[in-house]
Amino acid sequence: MSRIAYVNGRYVRHAEAAVHIEDRGYQFADGVYEVCEVWRGQIVDERRHGDRLERSLRELSIRMPMTRAALSQVMREVLRRNRVRSGFVYLQVTRGVARRDHFFPSPDTPPALVVTARNVAPETGDRGAETGVGVITVPENRWDRVDIKTVGLLPNVLAKQKAKEAGAKEAWFVDADGFVTEGGSTNAWIVTKDNTLVTRPAEHGILKGITRQVVLDMIARNGLSFDERPFTVKEAKEAKEAFITAASTLVMPVVRIDDTAIGNGYPGELSRELRQQFHDVSEMDPV
Ligand code: PDD
């Protein structure tokens with residue numbers, strides 16, 4: 001069975017799927033995206049991903065390519081055509097195709113929409129979570145609108161590649177004051193020695209992760225101690241536990257920051273528990 005992608009109104013073979021060379025996403029990174037987890041035949045937190053997509057587009061004055069309901073249908077169709085039960089659905093909206101010019105194209109230029117999906121067995125992430133991951137720290141070098149989920153990810157790509165070359169899975173950006181902002185494609189968390197969960201406020205300097213929001217819901221539900229504030233690299237290295245969150249990783253324990261083992265060097269209890277509860281608390285809609 002060949003993979004199928006949705007590209008601007010058509011379902012096409014993934015291997016042959018293409019956008020125009022003057023798509024503004026290609027030329028200017030002038031577009032936004034979302035990644036939703038698909039778990040056992042259900043889309044996870046579709047409503048919140050849809051809300052964030054609309055917000056990102058609004059911030060950049062790009063139109064929604066179609067209604068939320070129609071978009072939801074396209075996502076489902078792509079999932080069905082690819083027989084995805086568990087994995088991910090990716091969608092990307094750009095300002096469309098127009099002759100290269102920094103100014104916005106004429107308002108009647110339709111935004112471009114691409115949707116892809118792929119199967120990933122849930123056990124793949126679960127196996128990784130059993131050992132946890134390492135992170136490295138890198139200076140924050142991104143623009144100050146990282147709250148918008150744009151496809152302009154070059155600093156993230158370079159930071160994550162550096163992490164990979166150092167034998168780690170993620171890079172944590174550190175701001176000029178020594179505080180961790182977030183990972184290249186994840187939000188960052190620690191658990192202090194007195195079992196307080198700490199993560200940076202989402203108003204500024206980070207993407208407001210949907211997975212982060214589900215963890216906040218779990219914290220409220222379980223009556224856990226929580227402090228929404230920035231934390232330094234030093235504090236993180238001395239923490240009892242650390243973890244990262246994203247649709248692509250869920251709650252993933254961090255066992256090493258640079259060369260420092262976190263806690264006893266194994267995934268922490270709270271991180272493991274939050275991972276386990278995740279799909280009981282996130283919103284689910286059948287494909
Ligand atoms: N990344 N921060 C950044 C910079 C991200 O790119 C992401 C998600 C997150 C977590 O957001 P959420 O919990 O909504 O997935 C935080 C996606 C998965 C990606 O780029 O593949």
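Just follow the structure's listing: the first ligand is 1, and inside any ligand the first atom is 1.
- Close approach of ligand 1 to Thr211 is summarised as follows: ligand atoms under 4.0 Å from at least one heavy atom of the residue are 12 (P), 13 (O), 15 (O).
- When hydrogens are left out, the protein atom nearest atom 18 (C) of ligand 1 is Ser248 OG, 3.5 Å; that is the closest non-hydrogen contact.
- In this structure, Arg95 forms no cation-pi arrangement with Phe28, as its terminal cationic atom is not both closer than 6.0 Å to the ring centre and no more than 45° off the ring axis.
- Proximity of Val35 to ligand 1, defined as any heavy-atom pair under 4.0 Å, is confined to the side chain (atoms from C-beta onward).
- The protein heavy-atom contact nearest to atom 17 (C) of ligand 1 is Lys149 NZ, 3.5 Å.
- Centroid-to-centroid, the aromatic rings of Phe231 and Phe179 stay 6.0 Å apart or farther.
- Scanning the protein heavy atoms around atom 12 (P) of ligand 1, the nearest turns out to be Ile210 N, 3.5 Å.
- Residue contacts with ligand 1 for Thr186 involve N, CA, C or O but no side-chain atom from C-beta outward (heavy atoms, distance under 4.0 Å).
- Taking every non-hydrogen atom of Ala247 and a distance limit under 4.0 Å, the qualifying atoms of ligand 1 come out as 12 (P), 13 (O), 15 (O).
- In this structure, the side chains of Gln42 and Asp285 stay at 4.5 Å or more apart for every pair of heavy atoms.
- For the residue pair Asp108 and Ser106, a side-chain donor N or O sits within less than 3.5 Å of a side-chain acceptor on the partner.
- Ion pairing between Arg48 and Asp45 holds under the 4.0 Å rule for side-chain N and carboxylate O.
- Between Asp194 and Lys240 no salt bridge is recorded (no basic side-chain N to carboxylate O distance below 4.0 Å).
- For atom 11 (O) of ligand 1, the closest heavy atom belonging to the protein is Gly209 CA, 3.5 Å.
- The proximity of Val146 to ligand 1, defined as any non-hydrogen pair under 4.0 Å, does not occur for either the backbone or the side chain.
- Taking all heavy atoms of Ser185, Ala159, Gly183 into account, the minimum distance to atom 5 (C) of ligand 1 is reached by Ser185.
- Among protein heavy atoms, atom 20 (O) of ligand 1 sits closest to Tyr33 OH, 2.6 Å.
- Of all atoms in ligand 1, listed by their number and element, those nearer than 4.0 Å to a heavy atom of Thr245 are 10 (C).
- Within ligand 1, counting atoms from 1 as listed, the ones closer than 4.0 Å to a heavy atom of Asn187 are 10 (C), 16 (C).
- A side-chain donor-acceptor contact under 3.5 Å links Thr94 and Asp23.
- Given atom 3 (C) of ligand 1, the protein heavy atom at minimum distance is Glu182 OE1, 3.6 Å.
- Residue-ligand proximity: Arg52 is placed with a non-hydrogen atom under 4.0 Å from ligand 1.
- Exactly one residue among Arg212, Lys208, Glu182 makes a side-chain hydrogen bond (donor to acceptor under 3.5 Å, both in side chains) with Asn187. That residue is Glu182.
- In this structure, Thr116 and Phe88 have side chains that are not in contact, with every pair of non-hydrogen atoms separated by 4.5 Å or more.
- The existence of a salt bridge linking Asp51 and Arg68 is confirmed by a sub-4.0 Å separation between a basic side-chain nitrogen and an acidic carboxylate oxygen.
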